[in-house]
Amino acid sequence: MNDVPTPIDPEAARRPVREAAPAGAPDPGVDVKRLQKEILAELTYSVGRSPETASPRDWFVATAYAVRDRIVDRWIVDHASKENKPEKRVYYLSLEFLIGRLLFDALNNLNLTEVAREALSGLGVDLDRIRTAEPDAALGNGGLGRLAACFMDSMASIGVPAFGYGIRYDHGLFRQGIRDGWQQEYPEDWLSFGNPWEFAHPEIDYPIGFGGYVEQVSEGGVARHVWRPAETVEAVAFDTPVVGWRGRHVNTLRLWSARAGDQIKLEAFNRGDYVGALADRVRVESISRVLYPSDETPAGQELRLRQEYFFVSGSLQDLVRRHLEEWGDLRSLADHVAIQLNDTHPAIAVPELMRLLMDVHGLDWDEAWKVTLATFSYTNHTLLPEALESWPVPLMERLLPRHMQIIYLINALELDAARKRHPGDDGLLASISLIDESNGRRVRMGQLAFTGSHKINGVSALHTELMKQTVFRDLHRLHPDRIVNKTNGITFRRWLSQANPGLTSILIDAVGPEVLDDPMRLEKLAGMATDSGLHERLIDAKRANKVALAKVISDRLDIQVDPDALFDVQIKRIHEYKRQLLNILETVAIYNAMRAQPMRAWMPRVKIFAGKAAASYHQAKLIIKLANDVARVVNSDPTVRGLLKVAFLPNYNVSLAEIIIPAADLSEQISTAGMEASGTGNMKLALNGALTIGTLDGANVEIKEHVGDDNIFIFGLTAQEVEARKRRGYDAHAAVEASSMLREVLESIRNGVFSPDDPNRYRGLIDGLLAHDTFLVTADFDAYFAAQRRVYKLWRDRAAWMKASVVNTARVGWFSSDRTIAEYADDIWGVTPASR
Ligand SMILES: *Cc1c(COP(=O)(O)O)cnc(C)c1O
């Protein structure tokens, strides 16, 4: 960090250096010298370091502050006055935001990446080095949380005025380590060195009640309910500005942190019970401590429900206050507010809004219900029965007694109306009821969210169709106008421009810089799909990305892989329905074949896995162990001669995805048909030129329609066929009988070929697969193996492969989350984007 320019005048550096740039205008002060000055000023006065002693993290923080200042100027302009208020705002409620690092988001959207690179370089600092000093914000598990993050970027980019609301977890998703092949969970500490993007607002706080009882009071002859909670927590706001493309709009991500109210501390302190007071405080503040508390114990389950209510209530109180300030009357709430529920995690918002409208603001039931229904909409993310959220009635009654009353009344009114329209149809009533009476009484959050929303959306065409036929079949019959499809998307700014600058610059040369504003421009590329000059450039860019990934694999795993081999990647949460096991079985089949015929001309390939398993999901953790056991055996077998390598990269997160995706040749999207709601990893990989091997599941179906049958490898049972097999009672033995290859694979795993240290390790796994193959791994094995051979055949013809790859990139512009958000705005929210 030497070569520091002469010190600047510190007073001048401290003064605000910019006039606020009007929204949409190019920043007047974008030049290298100026940014350099600002970064140095931040380093000195905000971080408190000199350039000589600053660490990469210090430089990151100083740069983030300097960039943030430029965002704030626009943020303030956007939110300057009540007169300047937007006609309608969107509130996106999500328990998860899988954000990743933000520095390049901000730089890229402000068109400052090159300016910052030069400014830092002049100070002897490497931008790419400080980029990695930023912690990866993992306030989410996987696709659902990443979707929320992509949506925040898209709403700010196309000009949908919005707030994202969630929880500011002290600890995000656990860090995954792999020890002896087993997953280990370590605590994650993204806030330990502070967070330069956020603004703490200790003055913005709302009381959140739990427990207690409900009182009926009479006011002028009108009965009113008053909830008297037994305990109260404060929700405190932390704001992160979210700047959109070209800096035109800035929205807010407002995350809530729990703070013990003063009375808890004071009363105990006055009694002299200092330790007890602290313990109380720790208990109360544990609400925002961790993402997804363990659901193995009742205490963990209760904490999860507390989290849901905590962030919902804080968010609704906040938006109700804002609406009253701006518009004065809650009867017009739905004209100016659209609330999107990201899955059922925030579904308690339905009775909470009813409570606020009636008990606090005096609306009657009918008025309140009309407003509620017109304000909410709900996104469903899963059809898997075990993943549909429900809460025991006794727990709800104890924690949220007033909400339980409201839920009962909503239910009674809905059931009444349904009974009138379909007299005698008890099956229908049982299926639409908010209360599940079948296994202990439970509140079904899906039914609650549906009943309180004017629109319910699925996240891919297939998923939406299945939703109508399965979970919400009867609710759909009663409300046929409510279910709509909004196929997921991804932000190309992160998943193309930032992650893959090499490919991006080739695309700009090929179809013009307008592609950065309008991804549908990629279509033009299809006309150049056979252009050999283009192929050469793309191959070079891909190879550079593969070399970079090979270095990561070497550094982290000490496995050497050949950048010219086919990189076959499956990166996503580890889950039985996603069928990493199917991929591992195929790997073993190839390995067996290589050993049987070592001298055949095998095509070199690298199988790359990454993904976390839920801490309590034992089967998924065993599959991780199997992948690592297979890797160890295959990678060290001299007969294979390095032609097959297997690498399980630990700690999959957004930052690792940004390294793997640009280097992928083949994208594994092989879930049991009907089980993956959409997938978004499939879109990221196709955009970056990987070909998909996949089932007709989720958005794969639509990717196939866009890229064409010749440019994707589809195999296996369809959702309908899966359904039919399961109805008949699927028997794995027949499939295994019919396939000698599969039999050999299963036997070798079962007999300990990959676990000589513990030959019985996989006996249960394989026997279980034969006894009840819930995810139809054995049923699809042969078709999958055959599809892999088709992959090989195409890979051998590099020009044909590149043509297919170009077509993939060309035809997936539609999967931009800007398109998805424009559809939500038009069809669900009734908002007109300012920049589209
Ligand atoms: C995109 C993404 C996901 C979702 O991947 P799927 O393959 O759609 O399940 C999960 N985790 C991270 C870090 C991602 O970037």
Side-chain angles (χ1 to χ4, degrees), residues 100-109 111 113-114 117 127-128 131-132 136 146 149-150 153-154 157 245 489-522 524-525 528-529 534-553 563 566-569 571 608 610 649 652-667 680-692 703 707 801-802 804-813 815-818:
R101 293 175 177 144
L102 284 178
L103 181 60
F104 270 57
D105 250 23
L107 287 174
N108 183 49
N109 281 353
N111 195 20
T113 311
E114 288 321 307
R117 190 181 302 282
L127 176 61
D128 292 315
R131 176 187 204 173
T132 59
D136 183 286
R146 184 54 232 173
C150 283
D153 181 78
S154 282
S157 290
W245 176 233
I490 55 171
T491 170
F492 285 24
R493 287 160 297 270
R494 179 178 290 266
W495 297 110
L496 180 62
S497 307
Q498 289 162 234
N500 201 344
L503 174 58
T504 307
S505 75
I506 295 171
L507 297 176
I508 288 173
D509 288 349
V511 304
E514 299 86 358
V515 70
L516 298 177
D517 296 274
D518 176 12
M520 292 312 282
R521 288 262 175 163
L522 286 171
K524 281 176 72 179
L525 206 61
M528 307 167 216
L534 179 66
H535 288 183
E536 249 165 65
R537 291 190 66 193
L538 289 171
I539 288 172
D540 286 350
K542 177 72 80 181
R543 191 170 194 286
N545 295 333
K546 290 168 78 170
V547 168
L549 176 56
K551 178 165 188 322
V552 170
I553 293 174
L566 182 146
F567 279 20
D568 174 347
V569 311
I571 49 173
I608 295 162
L649 277 166
Y652 183 53
N653 60 14
V654 172
S655 300
L656 186 56
E658 288 166 4
I659 298 171
I660 298 175
I661 289 169
D665 295 308
L666 186 65
S667 161
T680 49
N682 46 4
M683 303 169 190
K684 299 167 197 168
L685 284 152
L687 176 62
N688 282 274
L691 307 198
T692 302
I703 292 177
V707 306
W801 181 276
M802 286 311 297
S805 168
V806 171
V807 171
N808 267 265
T809 303
R811 299 256 197 250
V812 295
F815 296 93
S816 158
S817 47
D818 295 354

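Values reported hereafter were calculated over all heavy atoms of this structure, with side chains retained and with hydrogens, waters and symmetry mates removed.
Atom CG of Leu534 is separated from atom CG of Leu525 by 6.0 Å, given to the nearest 0.5 angstrom. Atom OG1 of Thr809 sits about 7.5 Å away from atom CG of Leu538, to the nearest 0.5 Å. Once rounded to the nearest 0.5 Å, the distance linking CG of Leu516 with CG of Asn111 reads 9.5 Å. In this structure, CZ on Phe492 lies 13.5 Å from CG on Asp517, to the nearest 0.5 angstrom. Annotation: the span from Thr692 atom OG1 to Leu666 atom CG amounts to 8.0 Å, rounded to 0.5 Å. Considering CD1 of Ile661 and OG of Ser667, their distance stands at 8.5 Å, rounded to 0.5 Å.
At distances below 3.5 Å, not a single donor-acceptor pair connects side-chain atoms of Ser816 with backbone N or O atoms of Pro519. Not a single donor-acceptor pair under 3.5 Å links the side chain of Lys542 to the backbone N or O of Leu503. Within the 3.5 Å criterion, the main-chain N or O of Trp801 finds no donor-acceptor partner in the side chain of His535.
Between Leu496 and Thr504, the shortest heavy-atom contact is O-OG1, 3.1 Å. For the pair Gly100 and Val654, the tightest heavy-atom approach, listed with the atom from each and the gap, is CA-CB, 3.9 Å. The nearest pair of heavy atoms linking Cys150 to Gly489 is CB-O, 4.4 Å. Taking every heavy atom of both residues into account, Asn108 and Gln498 meet most closely at ND2-OE1, 3.7 Å. Summarising the geometry of Val511 relative to Val515, their closest heavy-atom pair is CG2-CB, 3.8 Å, with the distance given to 0.1 Å. Closest heavy-atom contact between Ala657 and Pro662: O-CD, 4.0 Å.
Partners of Arg494 by side-chain hydrogen bond (donor to acceptor under 3.5 Å, both in side chains), not counting sequence neighbours, listed by chain and number: Asp105, Glu658. In terms of the salt bridge (Lys or Arg N to Asp or Glu O under 4.0 Å) criterion, residue partners of Arg493 (sequence neighbours excluded) are, by chain and number, Asp153, Asp818. Annotation: ring pair (Phe, Tyr, Trp, His ring centres under 6.0 Å) contacts of Phe815 (sequence neighbours excluded): His706. In terms of the side chain to side chain contact (heavy atoms under 4.5 Å, CB included) criterion, residue partners of Arg117 (sequence neighbours excluded) are, by chain and number, Phe104, Thr113, Glu114, Leu127, Asp128. Looking at residues two or more places apart in sequence or on another chain, you find a salt bridge (Lys or Arg N to Asp or Glu O under 4.0 Å) between Arg537 and Asp509.
Side-chain contact, Trp495 with Asn688: no donor N or O sits under 3.5 Å from an acceptor N or O. No hydrogens or angles considered: a donor-acceptor pair under 3.5 Å links the side chains of Ser655 and Asp136.
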How far apart are the C-alpha atoms of Met683 and Ile703, what are their side-chain angles, what is the distance that settles it, and do they pass the side-chain contact (heavy atoms from CB on, under 4.5 Å) test?
-> CA-CA 8 Å; Met683 303 169 190; Ile703 292 177; 4.3 Å; yes
Show the numbers, then the answer: is there a side-chain contact (heavy atoms from CB on, under 4.5 Å) between Lys684 and Arg146?
-> CA-CA 12 Å; Lys684 299 167 197 168; Arg146 184 54 232 173; 3.9 Å; yes
Apply side-chain contact (heavy atoms from CB on, under 4.5 Å) to the pair Leu649 and Ile659, showing each step before the final yes or no.
-> CA-CA 11 Å; Leu649 277 166; Ile659 298 171; over 6 Å; no
Please report the C-alpha distance between Ile660 and Leu685 in whole Å, then the side-chain angles of each, then the deciding distance to 0.1 Å, and finally whether the side-chain contact (heavy atoms from CB on, under 4.5 Å) criterion is met.
-> CA-CA 9 Å; Ile660 298 175; Leu685 284 152; 5.8 Å; no
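Residues Lys546 and Asp665 are paired through a salt bridge, judged by an N-O separation under 4.0 Å between the basic side chain and the carboxylate.
Within a 6.0 Å radius of CD in Glu514, more than 12 heavy atoms belonging to other residues, nucleotides or ligands are found.
Within the structure, salt bridge (charged side-chain N to carboxylate O under 4.0 Å, His left out) pairs that include any residue of residues 496-506 do not occur (at least two apart or interchain).
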